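Here the structure is a predicted model, which means the values were calculated and not measured.
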Amino acid sequence: MEIQAMRRSYARWAPVYDRTFGAVTNVGRRQAVALLNELGGRILEVGVGTGMSLANYQPGTKVTGIDASAEMLDKARDKVAKLSLAQVEGLHLMDARVLEFADASFDNVVAMHVISVVPEPEKVLAEMVRVCKLGGTVLIVNHFARKQGVLSVLERLTAPMANLLGWHSDFEMERVLAVAGLRVVSQKTLPPLGMMTMLRLARE
């Protein structure tokens with residue numbers, strides 16, 4: 001998906017995202033943030049969207065969020081202001097393929113329901129690795145294509161609608177695992193219906 005198509009898609013989604021796709025993915029978001037709270041330190045959330053996760057970060061963390069959608073970020077900034085979320089250091093409009101941060105700027109980096117959305121996901125992952133400190137965690141929560149079964153057929157059928165849906169239903173996990181500088185620590189299946197996966201990766 002090209003970035004302009006992605007921005008148009010999420011401009012359409014922004015007013016209803018929290019009540020639709022955001023609600024479906026809440027379990028994975030909460031579990032990911034719970035792990036990040038344990039790890040602590042400076043955290044970069046790539047694709048922060050409407051900021052649904054921000055209130056779940058503990059006050060001791062320091063969170064920076066980036067997103068390519070101005071409409072989504074407006075929603076996130078409203079949440080930060082309304083809830084007085086002091087743990088949020090900043091929210092920035094940014095292309096995840098070219099992160100405007102120095103090498104090793106963050107202790108941990110997370111992308112929740114983003115990797116199958118962005119154009120050139122391998123570039124995004126490489127940038128996440130670059131800005132993460134050695135020994136830090138890169139956390140990916142996403143839907144990955146199934147190899148077999150009825151749902152795998154449905155994923156292939158809906159794949160051409162990526163620009164309309166705002167995500168690629170046929171995105172394969174191997175594209176994440178092939179990125180240099182990462183080692184798999186754990187892999188966990190998440191609701192709903194085991195459709196989502198949380199990959200914990202160590203920055204090496």
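With rounding to the nearest 0.5 angstrom, the CD atom of Glu71 is 9.0 Å from the CG atom of Leu93. Distance check, rounded to the nearest 0.5 Å: CG of Leu125 to CG of Leu182 gives 7.5 Å. Rounding to the nearest 0.5 angstrom, the gap separating the CD1 atom in Ile140 from the CE atom in Met196 is 14.0 Å. Between Ser105 atom OG and Lys133 atom NZ the span is 8.5 Å, to the nearest 0.5 Å. Of the inter-residue distances, the one linking Glu100 atom CD with Met94 atom CE reads 4.0 Å to the nearest 0.5 angstrom. Expressed to the nearest 0.5 Å, how far CE of Met128 lies from CG of Asn108 amounts to 10.5 Å.
At a threshold of 4.5 Å between non-hydrogen side-chain atoms, the residues Leu177 and Leu199 count as touching. Inter-residue side-chain proximity for Met173 and Thr197 is flagged as met; some heavy-atom pair is nearer than 4.5 Å. Residues Arg200 and Leu39 are in side-chain contact: their nearest non-hydrogen atoms beyond the backbone lie under 4.5 Å apart. Using a 4.5 Å heavy-atom cutoff, the side chains of His92 and Phe101 are in contact. No side-chain heavy atom of Ile66 sits less than 4.5 Å from a side-chain heavy atom of Glu45. For the pair Leu139/Leu36, a side-chain contact is recorded, criterion being any heavy-atom separation below 4.5 Å from C-beta on. Residues Val141 and Arg29 have side chains not in contact (no heavy-atom distance under 4.5 Å, counting atoms from C-beta outward).
The main-chain N or O of Ser116 is never found under 3.5 Å from a side-chain atom of Arg175 such that the two would form a donor-acceptor pair. Looking at Arg97, its side chain never comes within 3.5 Å of a backbone N or O of Lys123 through a donor-acceptor pair. Remark: the backbone N or O of Arg42 is paired with a side-chain donor or acceptor of Asp107 at under 3.5 angstrom. Lys79 contributes no side-chain N or O that, together with a main-chain N or O of Met52, makes up a donor-acceptor pair within less than 3.5 Å. Side-chain N or O atoms of Gln87 include one that pairs as donor or acceptor with a backbone N or O of Tyr57 at under 3.5 Å. A donor-acceptor pair under 3.5 Å is absent between the side-chain atoms of Asn142 and the main chain of Val117, judged by distance alone. Between the side chain of Glu127 and the main chain of Leu99, a donor-acceptor pair closer than 3.5 Å is present.
When every heavy atom of Ile43 is checked against every heavy atom of Gly40, the shortest pair comes out as CG1-O, 4.2 Å. Closest of all the heavy-atom pairs between Val46 and Ala96 is CG1-CB, 3.7 Å. For Met112 against Ala32, the heavy-atom pair with the smallest separation is SD-CB, 3.7 Å. Residues Ala102 and Val131 come closest through the heavy atom pair O-CG1, 3.9 Å. For Gly49 against Ala76, the heavy-atom pair with the smallest separation is O-CB, 3.5 Å. Here the closest heavy-atom approach between residue Asn56 and residue Asn37 is recorded as O-ND2, 3.0 Å.
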Intermediate values then yes/no, side-chain contact (heavy atoms from CB on, under 4.5 Å), Leu201 and Thr137: CA-CA 6 Å; Leu201 306 160; Thr137 291; over 6 Å; no

Test side-chain contact (heavy atoms from CB on, under 4.5 Å) applied to Arg183 and Arg203, step by step: CA-CA 7 Å; Arg183 172 178 54 84; Arg203 168 72 168 97; over 6 Å; no

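Val179 and Val185 fall into different hydrophobic clusters, where Ile, Leu, Val, Met, Phe, Trp and Tyr side chains are chained together by heavy-atom contacts under 4.5 Å.
Using bins of under 30°, 30° to 60° and over 60° for the plane-to-plane angle, the ring pair Phe144/Phe171 lands in the tilted bin.
Among Thr64, Leu54, Asp67, the one residue that satisfies the side-chain contact (heavy atoms from CB on, under 4.5 Å) test with Leu91 is Leu54.
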